[in-house]
Amino acid sequence: MTEYNHKTIEAKWQAYWEENKIFRAEDFSSKPKYYCLVEFPYPSGDGLHVGHPRSYTALDILARKKRMEGYNVLFPMGFDSFGLPSENYAIKTGIHPSITTKKNIEQFTNQLKSLGFSFDWERAVSTTDPDYYKWTQWIFLQFFNKGLAYKKEMPINWCLSCKIGLANEEVLDGNCERCGGEVEKRSIDQWMLKITAYADKLLKGLEDVDFLDRIKTQQVNWIGKSEGAEVDFLIDGSDKKIRVFTTRPDTLFGATFMILSPEHDLIQTITSDEQKSEIEHYIRHSARKSDLERTELSKEKTGVFTGAYAINPVNNEKIPIWIADYVLISYGTGAIMAVPAHDTRDFEFAKKFNIAINCINHPDEQLAQKESINPIDVLSGNVCWPFEGECINSSNNRDLNLNGKNVKSAVKETVEWLEKYGAGKHAVNYKLRDWVFSRQRYWGEPIPLIHCNSCGWIPVPEKDLPVVLPDVEKYEPTETGESPLATIEEWVNTECPKCGGSAKRETDTMPNWAGSSWYFLRYIDPKNNSSFADYDKLNYWMPVDWYNGGMEHTTLHLLYSRFWNQFLSDCGYIPASEPYLKRTSHGMILGEGGEKMSKSRGNVINPDDVVEKYGADVFRTYEMFIGPFDQSASWDTKSISGTERFIKRIWRLFTHTPIKDISLNKDQLYQLHTTMKKVTEDIDSLNLNTAISQLMIFVNEMSTYAVIPLKAAETLILLVSPFAPHLSEELWETMGHTSSINYADWPKYKKDNLVKDSIIIVIQVNGKLRGEISIASDEDKESILHLAKKEKNVLSYLEGKTLIKEIYVPGRLVNFVVR
RNA sequence: GCCCGGGUGGUGAAAUUGGUAGACACAAGGGACUUAAAAUCCCUCGAAGGUAUACUUCGUGCCGGUUCGAGUCCGGCCCCGGGUACCA
């Protein structure tokens with residue numbers, strides 16, 4: 001037998017798998033289905049990063065094991081190929097993004113194939129493929145038809161020197177990423193998707209799925225549901241009202257002023273003449289502030305008095321109305337009632353501008369002590385108390401008396417009172433905002449709408465989809481901030497599908513998030529021309545059983561794709577409302593120094609080099625052995641030799657030691673079945689580092705055998721096969737098997753074999769280790785205690801002492817408590 | 001500030017969820033084979049004391065607690081990483 005040569009072995013089996021379509025997922029198979037999903041990559045010009053295979057290898061291992069366990073596994077791969085780098089490259093070089101994209105996809109495909117992943121390549125999709133984005137556009141039209149897509153004026157990041165709209169990730173520290181120039185906010189009409197209509201459903205859906213807790217928490221926080229009340233304040237000397245949202249209606253008696261956001265539309269109406277110029281100045285000033293400044297300068301509160309007063313509905317007191325930019329137009333109603341005694345931000349503001357602070361909530365004594373706050377200071381208005389307490393000074397002569405009540409019941413009672421007097425109502429608010437779905441860019445899916453002056457916005461008829469991206473010569477957005485598509489007159493000018501009159505196409509394109517919001521559905525039926533995917537096939541495959549991806553996608557991508565799935569499910573196109581049963585996230589692979597890999601740091605590891613030198617099997621095993629899957633890990637070139645030795649040791653074991661069909665002794669059975677159990681369970685929980693270490697233990701053990709029992713050899717190779725599939729296929733074949741190891745039965749351990757003849761019992765005296773004894777595994781408690789007491793070192797600790805207690809933990813230890 | 005993770009040898013990490021802390025590896029040191037090197041194999045490897053592979057003490061970020069027994073549970077604190085940011 002020759003030396004281990006990864007190049008010939010890996011090439012041989014990769015070709016075999018492809019020719020024999022070993023990993024093809026079969027629609028409607030009678031086997032139970034299992035849908036394994038990894039996030040598809042953006043095919044960047046840099047090629048595959050060593051971080052990509054971490055997720056792919058882990059789920060590949062799972063997929064391979066599931067196949068061996070008799071599942072019909074769907075494990076697909078595709079490309080999220082719309083993206084800024086291709087477009088920026090086109091702006092620089094004039095090379096069409098589709099050419100760059102095609103080239104990059106080819107490179108990625110080759111790289112992925114060289115790693116031996118068991119993807120069903122026949123189902124590969126690419127979001128830039130018109131056959132794919134036809135359905136992205138179609139889904140958008142479903143949103144439009146259901147009234148969930150609407151146009152609204154929204155700010156974009158505008159680079160003053162490039163004259164181009166920038167994505168948020170292209171703005172670095174308030175400046176343009178490529179020219180370093182100044183970036184300002186500019187408002188333009190943009191398409192929005194009403195994800196807020198699904199806020200509750202997205203929240204509720206989390207109850208039924210198995211996501212890592214921290215992922216659930218992130219989703220919950222992002223949606224940010226808060227309950228409270230909307231309260232109307234009359235404006236003194238006007239018929240207008242200011243509506244505010246508050247989570248603490250119980251503090252209404254402590255409201256001593258109001259604040260409108262600088263963008264609030266009542267400002268012009270209510271501002272007094274003498275305050276007008278100051279107000280206008282403040283509005284202009286805060287509009288010019290970038291997002292960065294708003295947050296950086298967040299410490300110091302600013303604001304201006306409008307000259308107007310509002311009437312507090314619970315006590316009819318006149319309170320001043322201010323404007324301040326710490327109140328955001330995008331949250332709630334863009335206006336607040338300020339209760340400085342019980343809100344830290346309002347407290348800061350009141351202190352700075354000398355506004356009254358009325359304490360109406362007596363701190364809970366215990367809590368106050370914990371927070372080291374003296375209630376006296378709160379009562380006098382010197383310290384803010386935003387926590388739990390008891391209402392004081394909170395009653396009026398119209399049946400509202402909150403005094404003595406805690407926060408919860410006071411909130412309830414106030415809301416009831418407000419509703420009775422028509423001054424407010426129970427309300428719910430979300431941090432989640434509607435999704436800005438327009439980009440003024442070339443390289444994205446065209447939004448399939450046509451604007452007609454007489455009919456308004458009309459969808460492109462389904463038969464005319466996809467609206468294909470036309471060729472352009474220049475990829476830069478225009479002087480006006482419109483998409484480069486706007487300059488192609490023959491494309492823009494079209495007929496109204498409804499009245500036949502002249503009309504114009506929408507020139508905005510969709511964001512990068514669009515294509516990835518439903519790709520897991522297209523894998524199920526990637527060639528379908530009449531619908532995005534066949535219902536029966538969806539019914540067979542969905543939901544995804546296990547979805548793994550990066551932690552960086554656990555808010556937006558996860559939320560967006562759940563939203564699309566829920567929506568399509570509500571429309572009756574998909575059976576299940578939640579797309580993913582289980583979601584995990586892997587940690588990043590960092591450079592050797594523990595820093596992020598980047599060209600500028602010069603610490604980038606190219607997976608091709610590793611495969612060339614060590615082979616795919618070593619690379620895969622190394623990445624799984626590197627550390628706990630959900631935590632980040634630093635690449636360590638030296639450590640690869642550990643897994644390299646492991647792989648080569650298996651090869652040598654099979655090629656240099658005789659393998660005979662002899663039975664295993666009791667100890668060998670114990671070792672084998674312990675390994676079967678550990679590896680099986682560890683793959684199921686993706687604890688792949690410990691699965692590998694158990695395999696190493698077993699291989700080390702087998703190296704001491706003079707003759708290897710056939711059963712042990714076969715079982716080992718089956719257990720290793722998901723990790724090192726090429727090596728395993730090769731050895732499986734040399735052992736005389738004629739069919740692929742991929743469909744061999746996964747080994748099942750027997751409990752009977754997990755017992756050893758003799759075991760070691762540890763003996764402690766007062767909790768300290770003093771000795772150990774070897775006993776038969778069925779030895780009874782009495783004789784174990786008896787033997788333990790006789791152990792010579794233990795004896796010296798028992799002599800002259802009184803035995804108070806004997807503790808026996810079966811199969812583990814004995815502890816004598818003495819005095 | 002808030003919400004998550006995490007802190008264990010020189011290094012990456014294990015630890016059956018309260019029961020021998022450091023499995024499995026890397027690095028290091030020593031040895032075997034070899035003309036030599038690579039590869040391979042064997043031994044040592046938390047710290048201190050001790051001739052010792054006897055044994056003892058200390059040791060899982062820090063302080064305290066619960067327990068026969070704590071890396072693991074409870075209370076308080078410090079540091080590191082990620083997410084988020086005036087959300088009323």
Side-chain angles (χ1 to χ4, degrees), chain A residues 3 212-218 220-222 224-226 228 244-248 251 259 261 291 294-295 297-299 301 324-328 330-339 342-346 348-349 386 429-433 551-552 554-555 585 587-588 590 594 622 625-628 630-643 645-646 648-649 652 656 677-678 681 687 689-700 703 760-772 792-793 796 804-818:
Chain A
E3 275 305 294
L212 287 182
D213 276 346
R214 58 185 164 136
I215 298 177
K216 271 191 195 181
T217 322
Q218 275 200 22
V220 169
N221 291 347
W222 194 265
K225 179 174 183 167
S226 55
V244 301
F245 173 75
T246 175
T247 54
R248 293 288 304 275
T251 61
I259 298 181
S261 143
D291 282 354
R294 271 214 183 187
T295 49
L297 301 173
S298 67
K299 299 284 165 272
K301 299 262 180 299
D325 63 8
Y326 82 87
V327 173
L328 308 174
S330 50
Y331 185 78
T333 60
I336 63 159
M337 65 177 206
V339 184
H342 307 292
D343 180 288
T344 50
R345 295 151 302 176
D346 300 345
E348 272 175 56
F349 193 87
N429 239 292
Y430 301 91
K431 275 206 283 196
L432 183 71
R433 299 179 204 165
M551 203 60 210
E552 69 274 23
T554 49
T555 44
S585 290
M588 275 196 297
L590 305 168
Y622 170 66
F625 190 60
I626 198 168
D630 58 349
Q631 278 166 42
S632 55
S634 304
W635 187 269
D636 182 12
T637 302
K638 279 187 305 199
S639 292
I640 302 177
S641 51
T643 43
R645 280 177 203 147
F646 169 63
K648 286 187 170 169
R649 194 170 290 154
R652 248 179 294 116
H656 294 296
K677 181 173 192 283
K678 180 81 177 144
E681 290 173 355
N687 289 318
N689 53 334
T690 50
I692 292 167
S693 88
Q694 181 60 41
L695 286 167
M696 286 172 167
I697 291 170
F698 189 56
V699 169
N700 292 346
S703 305
I760 306 273
I761 295 285
V762 163
I763 309 157
Q764 298 181 340
V765 179
N766 286 346
K768 295 206 177 201
L769 182 67
R770 297 304 179 191
E772 56 180 47
K792 65 172 180 358
N793 195 42
S796 68
I804 300 167
K805 205 171 170 185
E806 295 173 342
I807 292 151
Y808 172 59
V809 182
R812 299 230 146 258
L813 59 69
V814 170
N815 187 13
F816 297 117
V817 185
V818 297

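Values below: all heavy atoms of this structure, side chains included; hydrogens, waters and symmetry mates excluded. Below, chain A is the first sequence line, B the second, and so on; all start at residue 1.
Straight-line distance from the CG atom of A:Leu769 to the P atom of B:U57: 10 Å, rounded to whole Å. The CZ atom of A:Arg645 sits 15 Å away from the P atom of B:C24 (whole-angstrom rounding). A:Gln764 has its CD atom 7 Å from the C1' atom of B:G19, to the nearest Å. Distance, A:Leu328 CG to B:A85 C1': 10 Å, rounded to whole Å. In this structure, A:Tyr326 places its OH atom 8 Å from C1' of B:A88, rounding to the nearest Å. Summarising the geometry, the separation between CG on A:Leu590 and P on B:C80 is reported as 17 Å, rounded to the nearest angstrom. In this structure, A:Asp325 atom CG and B:A85 atom P are separated by 16 Å, rounded to whole Å. At whole-Å resolution of the value, CG in A:Leu695 and P in B:A23 are 18 Å apart.
In this structure, of B:C24, B:G19, B:A88, it is B:C24 that holds the atom nearest to the side chain of A:Ile697. Minimum atom distance to the side chain of A:Lys805 is reached by B:C68, of the listed B:A88, B:C86, B:C68. You'll find that the side chain of A:Asn793 is closest to B:U56, out of B:C4, B:U56, B:G19. Of all nucleotides listed (B:A88, B:A27, B:C41), B:C41 comes nearest to the side chain of A:Arg649. For A:Leu813, the listed nucleotide lying nearest its side chain is B:G19; candidates were B:A27, B:C86, B:G19. Nearest nucleotide to the side chain of A:Lys638, out of B:A88, B:U57, B:C26: B:C26. Closest approach to the A:Ile807 side chain among B:C86, B:G19, B:C4 is made by B:G19 (side chain taken as heavy atoms from C-beta onward). When distances are taken from the side chain of A:Lys768 to each of B:C68, B:U84, B:U57, the shortest belongs to B:U57. With distances taken from any side-chain atom of A:Asn700 to the nucleotides B:G69, B:A88, B:A25, the minimum falls on B:A25.
Comparing B:A88 with B:A14, their C1' atoms are spaced 48 Å from each other, to the whole Å. When the C1' atom is used for both B:G7 and B:G71, the distance is 11 Å, rounded to whole Å. For the C1' atom pair drawn from B:G61 and B:U72, the interatomic distance equals 16 Å after rounding to whole Å. A gap of 14 Å separates the C1' atoms of B:C58 and B:A21, to the nearest Å. One C1' atom belongs to B:A38, the other to B:C45, and the distance between them is 25 Å to the nearest Å. Comparing B:C74 with B:G6, their P atoms sit 13 Å apart, to the nearest whole Å. Here, B:G22 and B:U60 have their C1' atoms 9 Å apart, quoted to the whole Å. A distance of about 26 Å separates the P atoms of B:C55 and B:C42, rounded to the whole Å.
When both distances must be under 3.5 Å, the Watson-Crick or G-U wobble mate of B:C2 is B:G83. Applying the Watson-Crick and G-U wobble criteria (two distances, each under 3.5 Å), B:G22 pairs with nothing in any strand. Across the strands present, B:U40 finds its partner in B:A32; the criterion is a Watson-Crick or G-U wobble pair with both atom distances under 3.5 angstrom. Pairing for B:G59 is absent, with no Watson-Crick or G-U wobble pair whose two atom distances lie under 3.5 Å.
Atom CD1 of residue A:Ile215 and atom OG1 of residue A:Thr555 lie 10.5 Å apart, to the nearest 0.5 angstrom. Here the straight-line distance linking atom OH of A:Tyr331 with atom OG of A:Ser261 works out to 14.5 Å at 0.5 Å rounding. A:Leu212 CG to A:Gln218 CD: the interatomic distance, rounded to the nearest 0.5 Å, is 10.5 Å.
Comparing A:Lys792 and A:Asp343 against RNA chain B, the residue whose closest nucleotide sits nearer the 5' end is A:Lys792. If you find the closest nucleotide of RNA chain B to A:Tyr331 and to A:Met551, the one lying nearer the 5' end belongs to A:Met551.
Anti is the classification of B:U35, since its glycosidic angle lies more than 90° from 0.
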Checklist outcome for this item: Once base and sugar-phosphate atoms are separated, protein heavy atoms under 4.0 Å mark nucleotides 6-15 of chain B, 5' to 3', with B, S and - as S-----BSS-
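Distance alone, capped at 3.5 Å, is enough to place a donor-acceptor pair between the A:Asp343 side chain and the A:Asp346 backbone.
Here A:Ser226 lies in heavy-atom contact (under 4.0 Å) with sugar-phosphate atoms only.
Considering A:Asp636, A:Thr643, A:Thr637 as possible partners of A:Ser639, the one that fulfils the side-chain contact (heavy atoms from CB on, under 4.5 Å) test is A:Asp636.
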